[in-house]
Amino acid sequence: MRLFDTLSRTERDLRPIDGSTFRFYCCGPTVYGPAHIGNFRTFVLQDVFRRTLETGGTRTLHVRNITDVDDKTIRDSQAAGKSLAAFTTGWTEKFHADCEKIGLLPPHIEPGAVEHIPQQIAMIATLIEKGHAYASDDGSVYFKISSFAGYGRLSRLDERELDLGKTQNARSSSDEYEKDGLADFVLWKSRRPEDGENFWHSPWGEGRPGWHLECSAMIQEYLGDSFDLHSGGVDLVFPHHENEIAQSECACGGHFAAHWFHITHLLVDGGKMSKSLGNLYTIADLETMGHTAMEVRYVLIGAHYRKPLNFTLDSLSGSREALAKLAKGARHLAANAGEGCVLTTADFGPFQAAWDSLNNDLNTPGALGGLFTGIREASGLTGADAAAALAGFNRVLRALGIVLPEEINHTIPAEIQALAETRWQARLAKNWAESDALRDQLAAQGWQMKDGKDSYILEPSSPA
RNA sequence: GGCGGAGUAGCCAAGUGGUAAGGCAAUGGUUUGCAAAACCGUCAUUCGAGGGUUCGAUUCCCUCCUCCGCCUCCA
């Protein structure tokens with residue numbers, strides 16, 4: 001597949017460096033609260049990316065970390081009166097439950113920052129040894145930006161008129177740490193009173209690792225010096241990923257990531273989502289409003305990953321109808337294919353355009369459009385042709401990670417069933433007044449009665 | 001101030017130097033006692049504004065307007 005690369009600013013074909021397995025790393029969540037749909041836009045697109053590679057026959061190795069130690073996790077665990085480990089474990093479990101609901105494949109490896117502190121300390125030692133880092137008097141360690149000529153390539157720092165020193169100076173005046181270069185970033189933070197019991201021993205004294213370092217250390221551990229692709233939200237380009245490159249290339253000497261895949265933030269109602277505006281949604285919030293996680297997924301893949309996605313409750317409502325339409329199309333194809341007509345094809349039939357879209361810079365909205373168009377084109381097919389089309393349809397669907405809603409056989413309470421039967425008789429007797437009244441009565445109890453020619457269907461009224 | 005991105009129908013949203021995918025909503029019809037459902041249709045002479053290049057631009061160039069993100073933790 002072809003994918004845009006943030007570093008070279010070009011679209012490039014993706015090929016595993018080792019010729020067999022595509023190895024990639026995604027910056028995972030900081031577990032101090034529930035993940036919101038903005039976080040999930042990134043994770044869902046990364047998931048579609050992986051599924052597309054796999055559907056195309058490429059084996060993958062997917063690593064995504066859990067950040068379980070930083071200012072926020074320490075602060076909030078203390079506020080909650082829990083140990084850091086107990087606190088982050090709880091949120092990690094919640095995160096996993098959300099991931100499963102929204103259809104994310106679990107990463108092959110999901111390392112946590114705390115359990116990799118020895119690796120981080122080792123990397124710091126290497127950096128000091130090579131002259132890329134220095135310890136300050138208080139026991140903190142900093143990366144020396146001036147020692148790495150390539151600093152700023154990813155975020156085009158050198159093309160900005162941003163005077164690093166000056167800008168950082170204004171913002172760093174209250175910083176308690178001591179560093180030489182004002183833009184130098186921390187690798188090891190010396191212990192502070194507010195850290196409580198959350199500190200580890202190091203050659204430079206008690207403290208904890210800096211945030212940027214954990215990813216570098218875990219990548220080194222699981223993917224080595226060079227690997228295929230690194231991904232995250234756009235906000236991580238600077239400084240997080242810029243710093244990772246500096247640390248890793250200086251410590252390991254490799255080329256680090258061959259490709260950078262960044263997902264643009266989503267907007268809510270046209271603006272940044274934030275707690276204070278009351279538009280920061282979690283999956284649980286949306287479920288409470290009657291939407292499913294799969295409907296959320298549909299909305300999240302409804303825009304190209306490099307464009308802002310304007311999330312609205314209206315678009316979320318529309319996704320239910322869209323998914324139902326796809327499900328209907330699939331059932332239609334299956335019916336036309338007939339019993340026992342199993343066919344696996346090498347091509348995608350009417351869904352070739354949808355598949356091509358995915359492979360062309362992960363154009364998920366294009367693929368979605370291709371799905372609907374393909375269904376219309378395939379509607380006249382029968383037998384083996386229909387079966388082949390269905391196979392293509394299912395492969396694209398799998399790549400998108402969409403699980404279609406199934407036709408549900410509802411359990412109908414006896415009194416509802418009786419009420420419906422009474423109405424049906426009234427209707428047969430052409431007693432319209434009573435019939436309509438009973439229909440309203442059923443509706444009031446949450447059941448919708450749809451009249452057919454010779455029978456009727458009872459369905460729960462769709463949630464508001 | 002610097003860097004980056006976006007402006008396409010009521011909403012969400014693809015796309016292309018050659019005359020605008022798709023979804024939702026809306027709406028017409030068939031059907032129905034009426035609805036709902038289902039099925040069949042309709043739905044942007046136009047792509048923020050103004051110039052320019054071109055046989056031809058929404059797509060390339062310039063100017064302007066508006067919006068958003070980043071530059072501090074952030075997916």
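Scanning all heavy atoms of the two residues, the minimum distance from A/L358 to A/A367 falls at CG-CB, 3.8 Å. A/E295 approaches A/R320 most closely through the heavy-atom pair OE2-NE, 2.6 Å.
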Polar-atom pairs under 3.5 Å, protein N or O versus N or O of nucleotides 23-25 of chain B: list them with distances, or write none.
residue	atom	partner	partner atom	Å
B/rG23	OP1	A/K325	NZ	3.1

Could you list the protein-to-nucleotides 57-61 of chain B atom pairs, N/O on both sides, closer than 3.5 Å?
none

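Residue A/E100 places its CD atom among 12 or fewer non-hydrogen atoms of other residues, nucleotides or ligands, all under 6.0 Å distant.
As rounded to the nearest Å, B/rG15 and B/rU59 have C1' atoms that lie 9 Å from one another. Look at the C1' atom in both B/rC68 and B/rG48: the space between them is 15 Å, to the nearest Å. Nucleotides B/rG7 and B/rC12 are separated by 12 Å at their P atoms, to the nearest Å. Going from the C1' atom of B/rA49 to that of B/rU58 covers 14 Å, rounded to whole Å. Here, B/rG5 and B/rC40 have their P atoms 43 Å apart, quoted to the whole Å. Going from the C1' atom of B/rC11 to that of B/rC73 covers 34 Å, rounded to whole Å. Atom name P, nucleotides B/rA36 and B/rA25: the rounded distance is 13 Å, in whole Å. Using C1' as the reference atom, B/rU8 and B/rU46 are 9 Å apart when rounded to the nearest Å.
Take A/K72 and apply the salt bridge (Lys or Arg N to Asp or Glu O under 4.0 Å) test, not counting sequence neighbours, and it matches A/D70. Partners of A/W432 by side chain to side chain contact (heavy atoms under 4.5 Å, CB included), not counting sequence neighbours, listed by chain and number: A/R427, A/K430. Every residue two or more places apart in sequence or in another chain was checked for a salt bridge (Lys or Arg N to Asp or Glu O under 4.0 Å) with A/E214, and none qualifies. The side chain to side chain contact (heavy atoms under 4.5 Å, CB included) test applied to A/K325 returns A/F372, not counting sequence neighbours. Considering only residues two or more places apart in sequence or on other chains, A/I402 meets the side chain to side chain contact (heavy atoms under 4.5 Å, CB included) condition with A/Y298, A/I301, A/L323, A/L368, A/L397, A/L400, A/L404.
When each of B/rG22, B/rA14, B/rC74 is scored by its nearest atom to the side-chain atoms of A/T373, the top-ranked nucleotide is B/rG22. Among B/rA14, B/rC74, B/rA75, the nucleotide with an atom closest to any side-chain atom of A/H265 is B/rA75. Of the listed nucleotides (B/rA75, B/rA6, B/rC39), B/rA6 has the atom at the smallest distance from the side chain of A/P308. Nearest to the side-chain atoms of A/F238 among the listed nucleotides B/rA21, B/rA6, B/rC71 stands B/rC71. Ranking B/rA14, B/rC39, B/rA75 by closeness to the A/M273 side chain, first place goes to B/rA75.
Residue contacts for A/L267: at a heavy-atom cut-off of 4.0 Å it reaches the sugar-phosphate backbone alone, with no base atom in range. A/G38 comes within 4.0 angstrom of a nucleotide base, judged by non-hydrogen atoms across all strands. Using a 4.0 Å heavy-atom distance criterion, A/D436 is classed as a base contact. Across all strands shown, A/K430 has no heavy atoms under 4.0 Å from either base or sugar-phosphate atoms. Within the 4.0 angstrom heavy-atom criterion, only backbone atoms of the sugar-phosphate kind lie near A/L309; the bases stay farther away. Residue contacts shown for A/S357 are absent, as no nucleic acid heavy atom lies under 4.0 Å away. Residue contacts for A/G270: at a heavy-atom cut-off of 4.0 Å it reaches the sugar-phosphate backbone alone, with no base atom in range. Looking at heavy-atom distances under 4.0 Å, A/R423 makes contact with a base.
The aromatic ring centres of A/F256 and A/F227 sit less than 6.0 Å apart. Separation of the A/F185 and A/H212 ring centroids falls under the 6.0 Å cut-off.
Here A/N310 reaches the OP1 or OP2 of B/rC12: one of its side-chain N or O atoms lies under 4.0 Å away. Side-chain N/O atoms of A/K307 include one lying less than 4.0 angstrom from OP1 or OP2 on B/rG7. Considering only side-chain N and O atoms, A/W211 lies under 4.0 angstrom from the phosphate OP1 or OP2 of B/rC74.
Stacking between A/F40 and B/rA75 is absent: the aromatic ring centre is not both under 5.5 angstrom from the base six-membered ring centre and within 30 degrees in plane angle. A/H304 does not qualify as a stacking partner of the B/rA13 base, lacking a centre-to-centre distance under 5.5 Å together with planes within 30°.
Residues A/K272 and A/N39 both approach RNA chain B. Their nearest nucleotides, taken by heavy-atom distance, put A/K272 toward the 5′ side. Both A/T312 and A/L236 sit near RNA chain B, but only A/T312 has its closest nucleotide nearer the 5' end.
Remark: A/D356 does not engage A/R2 in a salt bridge, criterion side-chain N to carboxylate O under 4.0 Å.
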Let me check I have this right: for RNA chain B, each base becomes ., (, ), [, ] or |, based on Watson-Crick or G-U pairs with both distances under 3.5 Å. What is the full string? (((((((..(((.....[...))).(((((.......))))).....(((((..]....))))))))))))....
Treat primed atoms plus P, OP1 and OP2 as sugar-phosphate and everything else as base, then score nucleotides 27-32 of chain B 5' to 3': B for base contact with protein heavy atoms under 4.0 Å, S for sugar-phosphate contact only, - for none. ------
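Donor-acceptor pairing under 3.5 Å, judged by distance alone, is present between the side chain of A/R439 and the base of B/rA35. In the interface, the side chain of A/R75 is not paired with the base of B/rC73 through any donor and acceptor atom under 3.5 Å apart.
Defined by atom type and a distance below 3.5 Å, a donor-acceptor pair is present between the side-chain atoms of A/T67 and A/N65. Judged purely by distance below 3.5 Å, without hydrogens or angles, the side chains of A/S315 and A/T312 pair a donor atom with an acceptor atom. Looking only at atom types and distance, the side chain of A/H262 has a donor-acceptor partner in the side chain of A/H241 under 3.5 Å away. Side-chain contact, A/Y25 with A/E244: no donor N or O sits under 3.5 Å from an acceptor N or O. Between the side chains of A/H108 and A/H62, no donor N or O sits under 3.5 Å from an acceptor N or O.
Distance A/H241 NE2 to B/rA75 P: 10 Å, rounded to the nearest Å. To the nearest angstrom, C1' of B/rG5 lies 14 Å from OH of A/Y305.
Judged by the 6.0 Å distance and 45° axis criteria, A/R395 is positioned over the aromatic ring of A/F348.
Applying the salt bridge (Lys or Arg N to Asp or Glu O under 4.0 Å) rule to pairs touching residues 304-317 of chain A yields A/R306-A/D361, sequence neighbours excluded. Listed by first and then second residue, the salt bridge (Lys or Arg N to Asp or Glu O under 4.0 Å) pairs that reach into residues 102-113 of chain A are A/R64-A/E110, sequence neighbours excluded.
Contacts between residues 42-50 of chain A and RNA chain B, defined by a heavy-atom separation below 4.0 Å, involve A/T42, listed by number.
Between A/F261 and A/F49, the ring-plane angle classifies as tilted under the 30° and 60° cut-offs.
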